[in-house]
Amino acid sequence: MTAETINPRTPRAVRGLPSLRAGAQYGVLWATLALFTVLAVTTPGFATTDNLRNLLDQQATVLIVAAPLTLAVIAGVFDVSASAVYVLAPLAAIQVQNQTGSIPLAVLVALTCGVLCGAVNATFVVLLRVNSFIATLATSYVFFGVGYLVSDQAILTPGDAAFRDLATKQILGVTSATWLAALVVGITWFLLTRSRMGRYVYATGANPDAARLSGIRTGGIVAATLVLVGTSAGFAGLVNASQGMSAQATDDFGFVFTVIAAVVVGGTSIAGGSGAVWRTVVGAVFIAMIGNGLNLNQIDPIYQRIILGVVILLAVALDATARRRLTN
Amino acid sequence: MTTPVPFLRLTDVHKSFGAVHALRGVDITVEAGTIHALVGENGAGKSTLGKVMAGLHRPDRGTVQVQGRTVDLQSPRDALGHGITIVAQELALVEPRSVLENVYLGSEPHRGPVVRTRLLRRWFAELTERTGIAVPPDACVQDLSIADQQKVEILRALARGAEAIVMDEPTARLASHEAEGLVTILRQLAASGTTIVYVSHFLDEVLQVADRVTVLRDGQLVSTSPADDHTADSLVEAMVGRSLASAFPAKQLPASAAPLLEVENLGRDGVFAGIDLEVRPGEVVVITGLVGAGRSEVLQCIVGDRRADHGTVRLCGATKRFRHPRAAVDAGIAYVPESRKTHGLLLETSVNGNVSLPQLKKLTRGLSISRARERELVAAAITRVGVKAANPALPVSTLSGGNQQKVLFAKALSGDPVLLVADEPTRGVDVQAKRQIYDVLVDLASRGLGVLVVSSEMEEVLGLAHRVVVMRTGRVAGQLAGPDITEANIAALAFDRPAGGSPSNDAGGTS
């Protein structure tokens, strides 16, 4: 078309933007690196291989759920039932393992349990259009309840000692749990940044109408992310049971809030449409390092809670301010 | 009825929205206690003028005087302070709450934190008696008809001491007997001293209700005169007639081939009915008519975003029943929605990401998207429509409005469609970008695509269309082709006036 009608506004508005963007975009990364440096210098015992290995190992279950939850949040939905699935799936798995003696079958049961729970959530959120927070809060109680039924309110322990190897086998210096977390992070990172589904996830969260009119089946995308979260929550529960060689029914929502904290501190917007898996990894590490640093400095766990809460608030508020400045 | 000082006087008022000059030096005087109508075609500036009076828009230039004093209406609140308020087309009520609560929302009498409900009821009874507007005070607003909801808005305006009410297209969503009821109410209000500014494109109604009529065209004043001096035909004549501001590419006659798109008796309950139209390869068909006639909804049914309740859609001879836009995209229909911000683009996503979005299936190799192929496809698509993006990896929000609109076209065309469906394709873009979009549309048609456009801009309709479908209140009022496509004929169909009188010739320069 007529090439002489170049709009002079475009290049000028854009010039100088990348560096500014980089500052705000990677804020959480700089903060994490700074925290690492500070802890390494001030806290004896922090920057040791053993401590860092432990830190990763402890974060494995959180990361296994937080990475897929990042996809769901970007697509515009929440899932607080991850805790319940995390409790329920290993109970079912251990029961099956103890009756059949098969560990692979136990893994399969845990994953299937996660898929089913995710599918139940998706049914209510996508087909019946229940707000995702409310729907998954309600299904949580159902899943918790089923957990008590499956375990008959007993503490279950796997009969086969090899069950422990699932999460605790040392491979190239780190635990298999760490490797499994890395695998899940890798898969979700690939899905989000390289695959068609990833693009559709962003589009669905950013502007569902535009996405639908572009021919994206937005309901299917939301359902897929919820099933993914359910499956990984079941898997994470199994890893956790393997680490502790036991599983017990509870109604404890604590786990999912740690997971959500990692996603949010990383900078994925709960409004949907923007975020990244690497952000969630950084967020999880940031939170873990704070806990670890406070422990090593022998701060009373009561104060640790307060400090953690304040730090999360500060991180998110700073992030929000920086982004607002960027868009103005 | 005339008072020495007019209630409202606007002098040399200008207002621009980006590149669109909506008001160009309008002078208008509204006498107290009269009903003053503003009429004009879509985009003539009548709504904008009404919103300036009510403080919703601040004029770029010019003065506003209320009862002889010059004022600066910075907000609707300011305007209300001077006794002016607006009842907008989209009603602003708290729907799940009662009529009483809505009428006095924000101005409840109270003793400490406790609302004095009994006093409120007495006030409400007095208000309804004084005005003769009857609405049950305890009814829930969402259970009321649109007409009754409108009464609630009027009551609320009066309860806050409004002396002048701007009514923006008040009858657009009302049934005819409801519209008559509204006219009666407005007459009573005017008789008791309230000033009414009545924005409408229903001419018979305007003549019935108004004391004076101001005609606007292209943001300029045509005339202000007593309603008795006008007939509906004389109003249409005053509204019509202009020169074509931007040149259009020459129309090329389409080859007479079998129709690409055939729509038969299409209907959606309560919105439109009995729509017949067809688009041949190489043909540009424009659906026009007044805003609210159901034009956009027809397009939405054709592209599978809404379900039609009746009728059939055939594409290339085969009957199609699209249940999701995906199916329409796959069948070769490209859709450019009316609002690029809310329905078209992902503003914070890159140009690349937007344009390739409907085509990712084709770009996927194995599990991952081929970035090289994506860049290739996007580059070809944006060159075709003339997008000037410094870097297609930057977010769409960094582009000008015109370029954003072209990105929307590039996205629609990236899949090599057979039919392009576009809703108001040049909304909110400047003249240059408009011409480029026209070039794209004509170029596509010359390559054998069918092009179906909804447009409210008369010059666009005249300049682009091989055939015009005029809609009125959910039905096809008539179709025009070739030399019959004139502004007078279109306006006659759109406003339901038989064509005739003196034809306006200065609109016919469509080569």
Side-chain angles (χ1 to χ4, degrees), chain A residues 1-18 20-21 25 74-76 186-221 269 271-275 323 326-328, chain B residues 300 303-305 324-330 335-337 339-349 353-354 356-361 363-364 367-369 371 383-391 394-395 397-403 406 408 411-412 415 430 432-433 435-436 439-440 443:
Chain A
M1 297 295 126
T2 44
E4 58 278 2
T5 56
I6 292 174
N7 187 331
R9 274 174 50 202
T10 310
R12 205 183 306 143
V14 164
R15 210 173 289 148
L17 222 84
L20 189 74
R21 257 174 206 273
Q25 292 256 315
I74 294 173
I187 291 172
T188 47
W189 171 84
F190 176 86
L191 278 180
L192 197 56
T193 59
R194 292 282 177 269
S195 81
R196 205 171 355 136
M197 179 187 169
R199 297 283 185 94
Y200 290 176
V201 163
Y202 280 113
T204 301
N207 189 339
D209 287 325
R212 193 185 65 247
L213 291 174
S214 303
I216 297 171
R217 296 186 185 278
T218 50
I221 293 298
S269 161
S274 73
R323 280 164 192 247
L326 190 72
T327 45
N328 283 351
Chain B
Q300 286 160 2
V303 302
D305 192 32
H324 189 277
R326 172 83 254 161
V329 170
D330 289 342
Y335 175 48
V336 175
S339 164
R340 67 171 172 269
K341 288 209 169 82
T342 62
H343 290 86
L345 295 173
L346 312 172
L347 290 174
E348 295 309 318
T349 302
N354 270 286
S356 64
L357 193 58
Q359 307 308 328
L360 290 179
K361 206 178 248 175
L363 300 173
T364 307
L367 289 172
S368 69
I369 297 165
R371 300 255 170 126
T383 316
R384 194 161 158 193
V385 300
V387 175
K388 301 295 176 301
N391 177 356
L394 285 175
S397 59
T398 61
L399 300 180
S400 69
N403 274 319
K406 284 188 259 174
L408 197 53
K411 176 181 159 189
D430 60 27
Q432 254 175 358
R435 169 66 206 238
Q436 288 175 318
D439 281 334
V440 169
D443 177 56

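By convention in this document, chain letters (A, B, ...) are assigned in the order of the sequence lines, proteins followed by strands, and residues within each chain are numbered from 1.
In terms of heavy-atom pairs under 4.5 Å with chain B, the best-connected choice from A:Leu191, A:Thr193, A:Leu213 is A:Leu213. No other option in B:Ala328, B:Gly415, B:Pro325, B:Ala412 has as many heavy-atom pairs under 4.5 Å with chain A as B:Pro325. Heavy-atom pairs under 4.5 Å with chain B were tallied for A:Gly215, A:Pro208, A:Ser195, A:Gly198; the largest tally goes to A:Gly215. When each of A:Ala203, A:Ala211, A:Gly273, A:Ala206 is checked for heavy-atom pairs under 4.5 Å with chain B, A:Ala203 comes out on top.
Contact of B:Arg371 with chain A is made through the side chain alone, with heavy-atom distances under 4.5 Å. Of the atoms belonging to B:Lys361, heavy atoms from both backbone and side chain fall under 4.5 Å from chain A. Of the atoms belonging to B:Leu345, it is backbone heavy atoms, and not side-chain ones, that fall under 4.5 Å from chain A.
Considering all non-hydrogen atoms of both residues, B:Gly344 and A:Ala210 come closest at O-CB, 3.5 Å. Considering every non-hydrogen atom in both B:Thr364 and A:Arg196, the closest pair reads OG1-NE, 3.3 Å. Closest non-hydrogen pair, B:His343 versus A:Asn207, comes out as N-ND2, 4.2 Å. Between B:Leu360 and A:Tyr200, the closest heavy-atom pair is CD1-CE2, 3.5 Å. When all heavy atoms of B:His324 and A:Ile216 are compared, the closest pair comes out as CE1-O, 3.2 Å.
With sequence neighbours excluded, no residue forms a side-chain hydrogen bond (donor to acceptor under 3.5 Å, both in side chains) with A:Thr204. The side-chain hydrogen bond (donor to acceptor under 3.5 Å, both in side chains) check on B:Ser339 picks up B:Thr342, with sequence neighbours excluded.
Expressed to the nearest 0.5 Å, how far CZ of A:Phe190 lies from CG of B:Leu367 amounts to 5.0 Å. In this structure, A:Tyr202 OH and B:Leu346 CG are separated by 12.5 Å, a value rounded to the nearest 0.5 Å.
Here the rule is side-chain contact (heavy atoms from CB on, under 4.5 Å) with A:Ser214, and of B:Pro337, B:Pro358, B:Ser356 only B:Pro358 fits it.
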